[in-house]
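The shown structure was predicted, so the numbers you read here are calculated from the model rather than taken from an experiment. A note on names: the letters A, B, ... follow the listed sequences, proteins ahead of strands, and every chain is numbered from 1.
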Protein chains: 2
Amino acid sequence: MTYEEFKQKVGSVILTDQGNCPVTPVVQMLQGKWKLQILYELCIKSPMRFGELKKMLKPITNTALTNALKELESDDLVQRIQYNEMPLRVEYSLTQKGRDLLPVFYAIMQWGVKYIP
Amino acid sequence: MTYEEFKQKVGSVILTDQGNCPVTPVVQMLQGKWKLQILYELCIKSPMRFGELKKMLKPITNTALTNALKELESDDLVQRIQYNEMPLRVEYSLTQKGRDLLPVFYAIMQWGVKYIP
DNA sequence: ATACCTGGTACAGAAAAAGATACTATTGGA
DNA sequence: TCCAATAGTATCTTTTTCTGTACCAGGTAT
């Protein structure tokens with residue numbers, strides 16, 4: 001994709017607010033030390049339980065995992081379902097909105113293939 | 001793109017390190033309050049001078065702009081060229097590596113079109 | 001001489017993010 | 001009655017990031 005193609009596409013698709021980068025809010029939604037790794041685990045396997053995620057993301061703390069999951073949930077990227085069994089079971093999975101990030105991740109990975117050794 | 005397609009593509013292309021999200025380092029490179037907005041301005045217009053960027057990104061401070069540009073430069077996403085005229089002129093532009101992020105930004109914007117009202 | 005232009009630096013303080021440690025609620029079972 | 005398991009909370013400290021303010025350097029115009 002060239003500059004010019006990009007400008008054309010950007011211009012016609014979403015550049016309604018002059019000067020405000022439309023990519024920023026999306027990347028802000030993915031910011032934080034753990035969110036992307038959580039989404040990645042949920043891309044690979046879904047649903048996953050709290051403790052399962054914690055094991056995969058070791059050495060994450062309860063606090064960090066809880067906070068990240070809450071934010072992802074409030075952005076509607078991740079769904080939380082609680083089963084009131086004993087012991088308690090809570091499962092996390094991607095929402096449709098979350099799954100729709102896959103092409104973004106894939107574009108990033110293609111860039112990574114070229115530039116990360 | 002579905003889960004399964006993603007897993008297949010990820011698995012074959014880049015998932016050599018088990019459990020480590022390959023998207024994370026790229027997003028980390030874009031983190032920080034100003035970097036994306038700088039890249040975005042340089043997508044729209046390139047090259048741009050220091051003062052010109054400062055005007056576009058107002059109310060950014062000198063410190064913040066300098067730091068962000070230095071990091072982008074050290075990641076080889078942005079190129080700095082200094083012309084020793086008077087008054088001094090310094091121009092910033094995207095490198096090829098930086099321009100190759102355009103498909104990523106475009107994928108993000110397509111997602112944004114669907115989910116950001 | 002002095003003030004002004006561009007493109008920065010230096011440094012202190014405020015604010016935000018992350019980490020460490022301890023604790024809670026539910027309830028099934030020994 | 002007390003312990004274990006899961007899925008968290010609560011609170012404090014440390015670390016990182018961001019901001020505000022002042023200043024510098026080379027050269028030019030007055």
Side-chain angles (χ1 to χ4, degrees), chain A residues 20-21 24-42 45-75 77-94, chain B residues 20-21 24-42 45-75 77-94:
Chain A
N20 280 335
C21 171
T24 300
V26 178
V27 173
Q28 263 168 13
M29 199 166 58
L30 302 177
Q31 252 166 10
K33 189 165 180 186
W34 298 105
K35 282 186 190 175
L36 271 172
Q37 292 173 64
I38 291 169
L39 291 176
Y40 183 70
E41 297 300 333
L42 292 175
K45 177 163 181 277
S46 178
M48 283 184 91
R49 300 179 59 171
F50 185 88
E52 215 174 343
L53 279 167
K54 202 180 158 189
K55 237 166 269 160
M56 296 302 293
L57 300 174
K58 194 169 46 177
I60 197 174
T61 62
N62 282 353
T63 315
L65 183 52
T66 303
N67 288 345
L69 285 169
K70 274 189 181 157
E71 287 180 31
L72 289 169
E73 205 195 341
S74 85
D75 283 331
L77 299 177
V78 159
Q79 188 183 23
R80 177 184 186 277
I81 300 180
Q82 176 171 336
Y83 300 91
N84 286 318
E85 311 164 355
M86 269 317 134
L88 181 57
R89 181 162 59 102
V90 178
E91 289 191 343
Y92 292 91
S93 51
L94 293 185
Chain B
N20 281 336
C21 171
T24 300
V26 178
V27 174
Q28 264 167 12
M29 198 165 58
L30 302 178
Q31 253 165 9
K33 188 167 182 185
W34 300 103
K35 283 188 192 175
L36 270 172
Q37 292 173 64
I38 291 169
L39 291 176
Y40 182 70
E41 296 300 334
L42 292 176
K45 175 161 181 280
S46 178
M48 283 184 92
R49 298 179 59 170
F50 185 88
E52 216 175 342
L53 279 167
K54 202 180 158 189
K55 237 166 268 159
M56 294 303 292
L57 301 173
K58 193 168 48 180
I60 196 173
T61 62
N62 283 353
T63 316
L65 182 51
T66 303
N67 289 345
L69 285 170
K70 273 187 182 158
E71 288 179 32
L72 290 170
E73 206 194 341
S74 83
D75 283 332
L77 299 176
V78 159
Q79 188 183 22
R80 176 185 185 277
I81 300 181
Q82 177 171 335
Y83 300 90
N84 286 318
E85 309 163 357
M86 270 318 136
L88 182 59
R89 180 162 60 102
V90 177
E91 290 191 344
Y92 292 91
S93 51
L94 293 184

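Taking a cutoff of 4.0 Å between a charged side-chain nitrogen and a carboxylate oxygen, A:K54 and A:E52 do not qualify as a salt bridge.
Looking at every heavy atom in both residues, A:W34 comes nearest to A:A68 through CB-CB, 4.4 Å. Nearest heavy-atom pair across A:G32 and B:Q31 is N-NE2, 3.6 Å. Here the closest non-hydrogen pair linking B:K35 and B:L30 is CB-O, 3.9 Å.
In this entry the distance linking NZ of B:K54 with P of C:dG7 reads 10 Å, nearest Å. Here C:dG7 presents its P atom at 10 Å from CG of B:L53, a figure rounded to the nearest Å. Nucleotide C:dG8 holds its C1' atom 16 Å from the CD atom of B:E91, rounded to whole Å. Spacing between atom CZ of A:F50 and atom P of C:dA25 amounts to 17 Å, rounded to whole angstrom units. In this structure, OH of B:Y92 is placed 9 Å from P of C:dG7, rounded to the nearest angstrom. Rounded to whole angstrom, the span from the CG atom of A:N67 across to the P atom of C:dA16 amounts to 15 Å.
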Quick one, B:L77 with B:L94, criterion side-chain contact (heavy atoms from CB on, under 4.5 Å). Give me CA distance, side-chain angles, the key distance, then yes/no. CA-CA 6 Å; B:L77 299 176; B:L94 293 184; 5.8 Å; no
Is there a side-chain contact (heavy atoms from CB on, under 4.5 Å) between A:F50 and A:L69? Walk through the geometry before answering. CA-CA 9 Å; A:F50 185 88; A:L69 285 169; 4.0 Å; yes
Give the intermediate values and the outcome of side-chain contact (heavy atoms from CB on, under 4.5 Å) for residues B:R80 and B:V90. CA-CA 7 Å; B:R80 176 185 185 277; B:V90 177; 3.8 Å; yes
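In the region residues 81-89 of chain A, proximity to DNA chain D at under 4.0 angstrom, judged on heavy atoms, holds for A:P87, A:L88, A:R89.
Contact check for B:L65 versus B:T61: no side-chain heavy atoms found under the 4.5 Å cut-off.
From the 5' end on, the contacts that DNA chain D makes with chain B at under 4.0 Å to a non-hydrogen atom open and close at D:dC18 to D:dT28.
The nucleotide whose nearest atom lies closest to any side-chain atom of B:N62 is, among C:dG8, C:dA10, C:dT21, C:dG8.
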